Novice: 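Sharing a structure below in structure tokens format, with a few things to ask.
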Amino acid sequence: MAAAAEHAPPTAAPAAAPARRRPMAEAWALMPASGRVGLAMLVVYAAVALTGPWWAPFDPGKIAAGPPLSPPSARHLAGTDALGRDLFSRVVHGTGAVMWMSLSATGLAVLAGSLVGLVTGYLRGWIDEIVMRLADIMISIPPLIIAVLVIGAFGNSQTVVILIVALLFAPRVARVVRAATLGIVTEDYVTAAVLRGESALGIAVRELLPNVTGTVFVEFAIRSGFAIMFIGALGFLGFGAPPPTPEWGVMINEGRRTISAALWPVLAPALAMAGLVLAINLFTEGLARVIGRSPGPATH
Amino acid sequence: MRSAPLLRLLATRVVLAALSLLVVSVVIFWCVEMLPGDTAQRMLGRDATPEALARLRAELGLDRPAAERYGLWLAATLWGDLGQSMVADRPVADWVAGRAANTLTLAGFALAIYIPLALALGLLSAAFRGRPLDQAISVAVLLGMCVPEFVTGLLLVSVFAITLDLFPPLALIDQAQDLGDLLHILFLPALTLAIAMTAYAVRMMRDNLIEVLESPYVRLATLKGLPRRQVLLRHALPNALGPAVNVTALNIAWLIGGIVVVETVFNFPGIGRLLIDAISVKDVPVVQAVALLLTALYILTNLLADIVVIVLNPRLRAGA
């Protein structure tokens, strides 16, 4: 995969270029094979999240669906946990909760962060100065420590987890989008819009936004990978979704108590989580190459 | 005259860091206020009389307004008085200091594994770029980035503690008799932290080294006929160190959260585990002290990283 990245042959055949520009087809043609694999995996995960509850063989909370801590078999594809619950069904049912929490948290963060980044990058001046200093302060708070405190204070619920993760990620997104905006704000089409007398918000949404969409997409993709691991860690620590939800981090925490007897209760949700993060990482790299932007510095 | 903008830039960062710490102290105080349950009730038990509860509240200062209590707490903390634990009836400062020493030992061990490992893997993958070794390292790094640290830790426990019985599954540091014992007990948690940090660093180092290897002066060194090893270690490596320092600072900042998770995996009596335990029993002074300490460390790490980057980078210095 890395070798392919090295040479990065633009697989888009110019001969086959359609008369009208079709951005989606073009993006697909430019996407490296690893990115396509990532996207295909994401589609499978999304399908499981949406349809899983209808075809999962067991109810995720059904105790003694089989003998406790049994290894994978035809009846229990991923074995059972200490309470005899079917691990495969639990992982399938958890997919929806995991994807909903991480994607909506990231979505909120990207929405708010992009708006703030666009407006401050366009306006500059003292508003920019104040908002960015505030963002700096928010970024200088250790995410896990503050998340654990806030969730401890307001109770475990999916809403609290989503909101705190969004709040932690938003200033980081704002900083990146602001930097991208600063790079295009001196272009002629922006000056033209200013001369036409358009409002700041109008210029931000109509002129600037379409030109930083690439950055925003890549930012969304990177952050959702982090969000899955972060929410997983919160669940593992007991600060994630409340217990009956078969969230993967919570399952891993439950499974660790019986790890000397059976690895499956840990391995099944862990593999699901790693697969999802891998899919997102592969897709992000492909997307970044299509857009011509490096995926950025790797921060955890 | 030339150093004035640099000094101003550094001063801005220091003021900003102090401001951050102040804001965070308010957030911490406010969150701790909101923790469910009443401290006086918890201390006296269910069948305490209302009079006794009122007396204890007055004694602990719980009946005063929140702003006043925040001021008192901040002042006491600045004087080094962290108060008394409400659950364990012992001075918070001693408790936190002991746990922090454990955590620092673990973090130091993790860094001692991480730094040479990341350097070696980064150098090897850049030197053998595109060849099987580089591809193997790239795949390992990608996997390392996709597996969260609590999973890595549990997998290591499963293989090296339970199946092979080489290391203890729980890192009970207090049972260590000597240094060898200590390293043996701490090896798995330290390795867990090191793996997560290495994955991020190797990737950055590799890209950077490759860029440096393609620069004219490295090509000149090669054309002069210097041996490859010397070109790599003497000419390329020093110029790729700046970004490596930067990613290490990011990693140390990550470590402050990562340690909370890994200490939980290994039941390690460190400061991160203390925070989680104290939140669940609502031991207010302990939560406040540990949260503030970890935040201060995080802010300080980022401040130091900023300063190092500014001082090392002539362009940033001039452009300030």
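A quick note: this is a predicted structure, and the numbers were derived from the prediction, not measured. Below, chains carry the letters A, B, ... as their sequence lines are ordered, and counting in each starts from 1.
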Novice: Looking only at heavy atoms and a cut-off of under 4.5 Å, which of A:Val266, A:Ile252, A:Ile146 has the most pairs with chain B?
Specialist: A:Ile252
Novice: Mind listing the closest non-hydrogen atom pair of B:Val265 and A:Arg256 along with its distance?
Specialist: O-NH1, 3.7 Å
Novice: Is any side-chain heavy atom of A:Met229 closer than 4.5 Å to one of B:Val151?
Specialist: no
Novice: Do A:Phe226 and B:Trp254 pass the ring pair (Phe, Tyr, Trp, His ring centres under 6.0 Å) test, and can you show the C-alpha distance, the side-chain angles, and the key distance before you say yes or no?
Specialist: CA-CA 12 Å; A:Phe226 291 151; B:Trp254 170 83; over 10 Å; no
Novice: Sort out for me which of B:Thr301, B:Leu143, B:Ile299 touches chain A most, counting heavy-atom pairs under 4.5 Å.
Specialist: B:Ile299
Novice: Sort B:Val287 into side chain, backbone, both or neither according to what part of it lies under 4.5 angstrom from a heavy atom of chain A.
Specialist: side chain
Novice: So do B:Ile279 and A:Phe239 actually touch side chain to side chain, heavy atoms under 4.5 Å?
Specialist: yes
Novice: Taking B:Asn302, B:Val24, B:Leu154 one by one, which has the highest count of heavy-atom pairs under 4.5 Å against chain A?
Specialist: B:Leu154
Novice: I need the B:Leu142 CG to A:Leu278 CG distance, nearest 0.5 Å.
Specialist: 5.5 Å
Novice: For a 4.5 angstrom cut-off between non-hydrogen side-chain atoms, does A:Val277 reach B:Val147?
Specialist: no
Novice: By a 4.5 Å heavy-atom criterion (distance strictly below it), what part of B:Leu21 contacts chain A: side chain, backbone, both, or neither?
Specialist: neither
Novice: To the closest 0.5 Å, what do you measure between CD1 (A:Ile145) and CD1 (B:Ile259)?
Specialist: 10.0 Å
Novice: Might you point out which heavy atoms bring B:Ala291 and A:Leu149 nearest each other, and give the distance in Å?
Specialist: CB-CD1, 3.9 Å
Novice: Can you tell me if B:Tyr70 has over 12 outside heavy atoms packed within less than 6.0 Å of its OH?
Specialist: yes
Novice: State, yes or no, whether a side-chain contact exists between B:Ile256 and A:Leu144 at a heavy-atom distance under 4.5 Å.
Specialist: no
Novice: Where does A:Ile137 contact chain B at under 4.5 Å (heavy atoms): side chain, backbone, both or neither?
Specialist: both
Novice: Ring centres of B:Phe150 and A:Trp248 under 6.0 Å apart?
Specialist: no
Novice: Would a 4.5 Å heavy-atom cut-off, applied to side chains only, mark B:Ser20 and A:Asp136 as touching?
Specialist: no
Novice: Answer with side chain, backbone, both or neither: which region of A:Phe154 has an atom nearer than 4.5 Å to a non-hydrogen atom of chain B?
Specialist: side chain
Novice: Measuring heavy-atom distances to chain A, does B:Val261 have an atom under 4.5 Å in its side chain, in its backbone, in both, or in neither?
Specialist: both
Novice: Chain A heavy atoms under 4.5 Å from B:Val23: which part of the residue, side chain, backbone, both or neither?
Specialist: side chain
Novice: I'd like to know which of A:Leu276, A:Leu263, A:Leu237 tops the heavy-atom pair count under 4.5 Å against chain B.
Specialist: A:Leu237
Novice: Counting only heavy atoms closer than 4.5 Å, note whether A:Ile228 contacts chain B via side chain, backbone, both or neither.
Specialist: neither
Novice: To the closest 0.5 Å, what do you measure between CD1 (A:Ile151) and SG (B:Cys31)?
Specialist: 10.0 Å
Novice: With only heavy atoms counted, which part of B:Leu275 is less than 4.5 Å from chain A, the side chain, the backbone, both or neither?
Specialist: side chain
Novice: Looking only at heavy atoms, what is the nearest atom pair of A:Ser140 and B:Tyr298, with distance?
Specialist: O-CD2, 3.2 Å
